[in-house]
Amino acid sequence: MTTEKKAVWVVFRPTEPVNLKKMRKMYMGSYPHFADMASLFSKTWWVDEARNEWGALYVFNSQQDVDAY
């Protein structure tokens, strides 16, 4: 049986530039929180220092899980 996942793409553009080392440190501290979320199938994050953007792709198990988040 196939199940349909739902994704949320988030982009942040900070007013102050943020470098990769700082972002990695911030994200490493959040992993336990996301690991314990039964509704979250997968999460990945990215940083584009040149454009001063960073973000994440969240893949949830259902639309209800997205709505609850």
Side-chain angles (χ1 to χ4, degrees):
M1 184 167 115
T2 304
T3 59
E4 188 173 317
K5 306 291 187 209
K6 296 294 179 176
V8 176
W9 179 255
V10 181
V11 178
F12 300 97
R13 293 180 184 96
T15 55
E16 306 260 335
V18 181
N19 66 35
L20 177 60
K21 185 176 180 179
K22 182 177 180 180
M23 291 308 306
R24 186 173 284 144
K25 184 177 180 180
M26 289 171 54
Y27 271 110
M28 291 302 282
S30 70
Y31 283 139
H33 169 75
F34 291 106
D36 290 340
M37 288 179 63
S39 61
L40 189 63
F41 177 77
S42 178
K43 178 188 178 220
T44 188
W45 66 276
W46 55 272
V47 175
D48 185 335
E49 287 181 274
R51 293 174 59 175
N52 192 40
E53 292 181 344
W54 57 280
L57 175 66
Y58 301 82
V59 180
F60 290 89
N61 292 312
S62 69
Q63 184 62 52
Q64 289 91 350
D65 291 334
V66 171
D67 295 342
Y69 181 70

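Numbers here simply count residues along the sequence, with the first being 1.
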Task: Linked, directly or transitively: Leu40 and Val10 (ILVMFWY side chains, under 4.5 Å) - done: yes
TODO: Examine distances only and state if a side-chain atom of Asn52 and a backbone atom of Arg13 form a donor-acceptor pair shorter than 3.5 Å.
DONE: no
Open item on the list: I need the Gln63 CD to Glu4 CD distance, nearest 0.5 Å.
Closed with: 9.0 Å
Open item on the list: I need the minimum non-hydrogen distance between Pro14 and Trp54, along with the two atoms involved.
Closed with: CG-NE1, 3.0 Å
Open item on the list: So, taking the atom named NZ in Lys43 and the one named CG in Leu57, what distance separates them when rounded to the nearest 0.5 Å?
Closed with: 10.0 Å
- [ ] Look up atom CH2 in Trp45 and atom CZ in Phe12, then write down how far apart they are to the nearest 0.5 Å.
- [x] 12.5 Å
- [ ] Looking only at non-hydrogen atoms, find the nearest pair between Ser39 and Asp65 and report the distance.
- [x] CB-CG, 3.3 Å
TODO: Check the hydrophobic clustering (I, L, V, M, F, W, Y; side-chain heavy atoms under 4.5 Å; chains of links allowed) and say if Val66 and Phe41 are grouped together.
DONE: no
Task: side chain to side chain contact (heavy atoms under 4.5 Å, CB included) partners of Gln64, counting only residues at least two apart - done: Ser62
Task: Listed partners of Tyr69 passing side chain to side chain contact (heavy atoms under 4.5 Å, CB included), at least two apart - done: Phe34, Met37, Tyr58, Phe60
Task: Heavy-atom pair with the smallest gap, counting every atom of Val59 and Lys5 - done: CG1-CB, 3.7 Å
